[in-house]
Amino acid sequence: MTLPTLLFICTENSARSILAEGLARHKYADRFTLYSGGSAPAVADPRALSTLAAQGISTEGLYAKPLSKYRHINFDYAIVLCNKTTAECANEITAKHLLAWDFSDPKQSSDSHAFETTLHQLAERLSMFVLLYDRQHQHKPLTPLSFFKLLADETRLNALLLIMAEQELCVCELTTALQDTQPKISRHLAMLRKAAVLLDRRQGQWVYYRLNPTLAPWAQACLKQTAVAQQPFLAPLQANLAAMGDRPTRDSQCCSE
């Protein structure tokens, strides 16, 4: 299953964003793919690393990185940890959701416990963020009624059956096969993904779709039988796909979501 991507940003990527990345990796590595970066990266502050280590949090792989390193990634979430960086990073990264959390820089504090305090505050804020994320992304159990409503649209039905036949397809391939527009295809794929009928994976900023292997057995059996009955209508669409002159391989970039 593809995990949502989450990027932490501050100017130097040396303290706040390092603390946030280390903490998030420790607590939420099974929930998000995690990164940090800076608009003007310096060196990871040893106090940030020692604060993490004192809490039993691994510091492996934590170092200051430029935002330019991530230009090929379309992030699900980017969290800016200082207001100063918000405008600077806006044109350097691509993210569906850009959040601004204004945390004081512990490096500028005279408090000897500033790094510990910042880590504690980040832990509380991250806990709330994950709680809200879970509430927004809860999937209702797939019922026969909701499943058949999804299949009652020609575009969704044919896209789903094509994906089943090909194992995995991206938006540009479906656009070619169905002879329809990218926004319309993406809209219907989003509905199937929201219902957990499809899963997606990101390759850089590109998105590929596949059938959810945990889909209920009754739903999978229904799709298999439907594919047989729908084959005369699918054949021309598969011919469109086969005739796609620049059809990409799975290791090359394809189309954006």
Side-chain angles (χ1 to χ4, degrees), residues 1-5 30-33 73-76 96-97 133-257:
M1 179 176 177
T2 303
L3 298 178
T5 49
D30 61 332
R31 311 287 299 283
F32 300 90
T33 301
I73 300 178
N74 180 21
F75 288 97
D76 292 296
K96 293 180 180 178
H97 306 280
Y133 176 88
D134 286 344
R135 287 180 179 176
Q136 293 172 359
H137 293 81
Q138 285 179 342
H139 293 298
K140 296 181 180 179
L142 186 66
T143 64
L145 178 60
S146 60
F147 182 66
F148 287 118
K149 282 184 177 180
L150 286 170
L151 299 188
D153 179 90
E154 183 179 9
T155 299
R156 286 196 297 273
L157 176 61
N158 286 331
L160 185 53
L161 295 179
L162 284 169
I163 289 170
M164 283 182 56
E166 298 291 326
Q167 305 298 316
E168 182 181 64
L169 288 174
C170 66
V171 178
C172 66
E173 291 170 311
L174 288 166
T175 299
T176 298
L178 298 173
Q179 297 291 286
D180 218 328
T181 64
Q182 182 269 331
K184 180 179 178 181
I185 299 295
S186 293
R187 184 172 67 252
H188 286 295
L189 289 173
M191 294 177 67
L192 292 166
R193 183 180 58 187
K194 184 177 180 180
V197 174
L198 291 180
L199 298 180
D200 65 347
R201 71 174 181 87
R202 298 180 183 277
Q203 183 175 300
Q205 61 180 334
W206 317 116
V207 183
Y208 296 87
Y209 294 85
R210 67 190 185 280
L211 188 69
N212 187 346
T214 65
L215 191 64
W218 61 263
Q220 293 196 42
C222 176
L223 286 174
K224 290 177 181 177
Q225 292 182 22
T226 303
V228 174
Q230 188 74 354
Q231 186 54 44
F233 302 96
L234 283 180
L237 307 182
Q238 291 173 312
N240 291 340
L241 189 58
M244 186 175 177
D246 56 350
R247 186 176 178 183
T249 64
R250 287 298 166 265
D251 294 325
S252 64
Q253 292 182 342
C254 179
C255 53
S256 60
E257 186 177 19

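Side chains are part of it too, since the values below use all heavy atoms of this structure and drop only hydrogens, waters and symmetry mates. The shown structure was predicted, so the numbers you read here are calculated from the model rather than taken from an experiment.
- Within the 4.5 Å cutoff, no side-chain heavy atoms of Thr226 are placed close to those of Leu160.
- In this structure the side chain of Phe75 never reaches within 4.5 angstrom of the side chain of Pro4, judged on heavy atoms.
- Judged by distance alone, with hydrogens and angles left aside, the side-chain atoms of Thr5 form a donor-acceptor pair with the main-chain N or O of Asp76 at under 3.5 Å.
- Residue Gln182 holds its CD atom at 11.5 Å from OG1 of Thr176, rounded to the nearest 0.5 Å.
- Classification of the Phe148-Trp218 ring pair by plane angle, with boundaries at 30° and 60°, yields tilted.
- Under the 4.5 Å side-chain criterion, counting only non-hydrogen atoms from C-beta, Leu215 is in contact with Leu142.
- Taking OG1 of Thr214 as the reference point, atom CD of Gln220 lies at 8.0 Å (rounded to 0.5 Å).
- Of the possible donor and acceptor atoms, none in the side chain of Ser186 sits under 3.5 Å from a partner among the backbone N and O of Pro183.
- Side-chain contact between Gln179 and Asn240 is present, with at least one heavy-atom pair separated by less than 4.5 Å.
- With contacts defined as side-chain heavy-atom distances shorter than 4.5 Å, the pair Leu192/His188 does not qualify.
- Crowding of Glu154 atom CD: a count of heavy atoms from other residues, nucleotides or ligands under 6.0 Å not exceeding 12.
- Arg156 has its side chain out of reach of Leu151: every pair of non-hydrogen atoms, C-beta onward, lies at least 4.5 Å apart.
- Rounding to the nearest 0.5 angstrom, the gap separating the CG atom in Leu169 from the OH atom in Tyr208 is 10.5 Å.
- In this structure, the side chains of Pro213 and Leu199 come closer than 4.5 Å at one or more pairs of heavy atoms.
- Between the CG atom in Leu174 and the CG atom in Asn158 there is a gap of 10.0 Å [rounded to 0.5 Å].
- For Asn212 (side chain) and Ala196 (main-chain N/O), a donor-acceptor pair under 3.5 Å exists by modelled atom type.
- Contact annotation: the side chain of Gln231 approaches that of Gln238 to within less than 4.5 Å [non-hydrogen atoms, C-beta and beyond].
- With sequence neighbours excluded, the residues that form a salt bridge (charged side-chain N to carboxylate O under 4.0 Å, His left out) with Lys184 are Asp180.
- Atom-to-atom distance recorded for Phe233:CZ and Leu157:CG is 10.5 Å, nearest 0.5 angstrom.
- The line from CG of Leu234 to CG of Leu162 is 5.5 Å long, rounded to the nearest 0.5 Å.
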